[in-house]
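The figures that follow rest on heavy atoms only: side chains count, while hydrogens, waters and symmetry mates do not. Order of the sequence lines sets the chain letters (A, B, ...), proteins ahead of strands, with each chain counted from 1.
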Number of protein chains: 2
Amino acid sequence: MFFRKNVSPLPKPTKIRNIKELAELAGVSPGTVSRALSDSGLISAKTRERIKDLAAKHDFRPNAMARNLRIQKTGAIGVLIPLGHETGQHISDPFFITMLGLLADALTEQGYDLMLSRVIPSDTGWLDRIVDSGRVDGLIIIGQSDQSAVLDRVAARYRPMVVWGGHTPQQVHCSVGSDNFKGGDLAASHLIERGCKRIAFLGDPKALEIGQRLEGCRAAMARAGLSDGLTVFPAHLVAEAAQSDIAAFLGTGQHRPQGIVAASDVVAMSALRALSERGIVVPDDIRVIGYDDLALAELTVPRLSTIRQDLTKGAAALIDLLLRRIAGEDTPSLVMEPELIVRMST
Amino acid sequence: MFFRKNVSPLPKPTKIRNIKELAELAGVSPGTVSRALSDSGLISAKTRERIKDLAAKHDFRPNAMARNLRIQKTGAIGVLIPLGHETGQHISDPFFITMLGLLADALTEQGYDLMLSRVIPSDTGWLDRIVDSGRVDGLIIIGQSDQSAVLDRVAARYRPMVVWGGHTPQQVHCSVGSDNFKGGDLAASHLIERGCKRIAFLGDPKALEIGQRLEGCRAAMARAGLSDGLTVFPAHLVAEAAQSDIAAFLGTGQHRPQGIVAASDVVAMSALRALSERGIVVPDDIRVIGYDDLALAELTVPRLSTIRQDLTKGAAALIDLLLRRIAGEDTPSLVMEPELIVRMST
DNA sequence: CCTAGAATCGCAATCGATTGAATTTTTCGA
DNA sequence: TCGAAAAATTCAATCGATTGCGATTCTAGG
């Protein structure tokens, strides 16, 4: 590890620092410049063009902070990732980047900046601090984690906030997500159809969404008269940890499950590898189904069957609802249909 | 897909909107409140505590925009992901989330916000616009992509900017990254040692870093007298695309390579699956080595040998250098040693 | 009890852009 | 050519917090 010098930079000609300087350079008042730059109809076309050209020539752009203060808007949307149910979790989860990428694109398109924060809720006021800081015009929260209470409390006083995750009848906050209960049901039903009688659920049900997926599995098992066949293993979402946990779990010889419902594709991937290393063949010996249908699901060996959540549609909905809330509207939550994707692992 | 109503929210008691209101409520001047809240020594301990308590009781936090304007700082660092060499690329690459997570943690710890932007450089002024918008105190750019010229030009006038990626002797901008040439050399040498005489390089060398890795491979091959044994296949970083490309490439029967150097772990993953589906056994038939050593590399079947870049150290260095640049220092670039990690795929 | 000097606190300018109201300039019909 | 309406521009207040400087209060020594 060593340092290398960079070629040294060049100086630069004088620059316009604010709207006032640009104004006296153009021989008009600051107000006129402001209106010209913002395409106000109150300015004659010729001076507007003149000022715009001048601004372009000096590549001047009005100060965003000053504008924000006056307008009382920041032009930024906060995207929060609460890591409550899993302290010390590093988001190695590709789910986040997929969602983040979609949000970043859509927000940029709408002219908003994206402020990213990972929050590890130490106390109950973490969300209030962010809301009251006045740094964002609205908030998108990815996953309730185990913080539903906090979300509900804040949602009661702060409108421009939308949450990706599960939906419960009594919740106050506006959410977007797939029907996790139905998704879990779909997954378990699929395994049952394939002949599985003993099924393991891998995932930590403390997170709202995952708990709902588990309930869905339970319902499917009950319907099939297999209520006793479901085992829950609260595998962590962290890939490395899940790895050894799953291996240990599957070591329980004769009661080995015939099917695995993983709480996410990443957990499923961990399971696939653990199984492969123990010489257990998927899907012949054990069938595995994931959740999310990330791009990764196509890359596993064998290709992963999974429950698809349409993240593209989800991201679009999150932003649509948020913008409407910023505009003052009171929007309902959105629950999307999950879809069973059958590939090679079941 | 359907909507569900949320429970309606409650009203709230009157709230302090600014420092002035808090001041008259406390019977002091706004200036005093400001000083009290910012722990200025010019205020007596008792009034300071009194005001702080009052602020806490009304959970009042001074407006960030106003503060920013006055202080001439935003408290935010921009993180940019240029997607130049690959139009339409969706960052499904776990590399980004790994880096982003590390940066988010470290920046939060330093009291900075993180503003994320994905940029698809349409013209040559994309970076100037961001710099001049005045929305951030500094910039971290992840990967030069094919935009080195733009980076150099802007670096000449804008100091608080650090780039993750490759380093060239003539570059103007400050960069942090591993020695890609040496990394490529390491990868190819390892395969050569294992007996490979025909090696394929998978990755698009238009991106600076990847081009350097390729050069490293070339050097290793030349040293071993195998200059003719290297084939380059410009596989896209996009997982799905890489998939079919790689499969097509490996269909070229008798000249099939004995080893594959993938430009990243994600590309390597694609290769592994393509091989597996064609019944080609790794490492017996073909050896595969990746680059990055992401968490994913532990989850592939078989576990992926790879060239490790210490992203934790890298992220820390990016931020350290950036903060020093913000403070006015002129920092050199940092080149870290890559490390060969041998697992099961070679 | 008086006063120098330190400890607190208030006053008012400032950051840079926006915008309603006032003012000046232009336009155009009579 | 005059004057009123319309168009263009200027003026000045405002957003909310920070901070140098001046004013006031307090402390303590003589």
Return all side-chain donor-acceptor pairs below 3.5 angstrom for residues 62-69 of chain A, not counting sequence neighbours, or 'none' if the list is empty.
unit_1  : atom_1 : unit_2  : atom_2 : d
A/Asn63 : OD1    : A/Met65 : N      : 2.7
A/Asn63 : OD1    : A/Ala66 : N      : 2.8
A/Asn68 : ND2    : A/Ala64 : O      : 3.3

[Y] side chain reached by [X] side chain, heavy atoms, under 4.5 Å:
X        : Y        : value
A/Leu114 : A/Leu100 : yes
B/Leu37  : B/Phe60  : yes
A/Leu322 : A/Thr331 : no

Base, sugar-phosphate, or nothing for [X], non-hydrogen atoms under 4.0 angstrom?
X       : answer
B/Leu69 : base
A/Val33 : nothing
B/Ser40 : nothing

Check: Axis-to-axis angle across the helix from C/dC1-D/dG30 to C/dA30-D/dT1, five pairs an end, to 10 degrees?
Finding: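 Between the first-five-pair axis and the last-five-pair axis there is 50°.
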Euclidean distance, atom [atom1] of residue [X] to atom [atom2] of [N] [Å, nearest integer]:
X        : N      : atom1 : atom2 : result
B/Lys20  : C/dA13 : NZ    : C1'   : 15 Å
A/Met65  : C/dT18 : CE    : C1'   : 16 Å
A/Ile43  : D/dA6  : CD1   : P     : 19 Å
A/Asn18  : C/dT18 : CG    : P     : 12 Å
A/Arg135 : D/dA17 : CZ    : C1'   : 14 Å
A/Asn68  : C/dC15 : CG    : P     : 18 Å

Note to self: Closest approach to the side chain of B/Ser44, judged atom by atom: which nucleotide of C/dA17, C/dC9, D/dA17 is it?
What the structure shows: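 When the side chain of B/Ser44 is considered, C/dC9 is the closest of C/dA17, C/dC9, D/dA17.
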With a 4.0 Å cut-off on N to O distance, would you call [X] and [Y] a salt bridge?
X        : Y        : value
A/Asp132 : A/Arg157 : yes
B/Lys57  : B/Asp53  : no
B/Asp128 : A/Arg61  : no

Next item on the list: Mark up nucleotides 19-27 of chain D, 5' to 3', with B wherever a protein heavy atom is under 4.0 angstrom from a base atom, S wherever such an atom reaches only the sugar-phosphate, and - elsewhere.
Entry: BB-------
Checklist line | Contact under 4.0 Å: B/Gln72 side-chain N or O vs C/dG16 OP1/OP2 | finding: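 So the side chain of B/Gln72 is within the cut-off, an N or O lying under 4.0 Å from OP1 or OP2 of C/dG16.
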Note to self: If I compare all heavy atoms of A/Ala315 with all of A/Leu102, which pair ends up nearest, and what's the gap?
What the structure shows: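 Smallest heavy-atom distance, with atoms named: CB-CB, 3.7 Å.
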Notebook entry, point to check: Going through the distances and angles, do A/Arg135 and A/Asp113 end up as a salt bridge (charged side-chain N to carboxylate O under 4.0 Å, His left out)?
Noted result: CA-CA 11 Å; A/Arg135 304 185 67 87; A/Asp113 287 324; over 6 Å; no
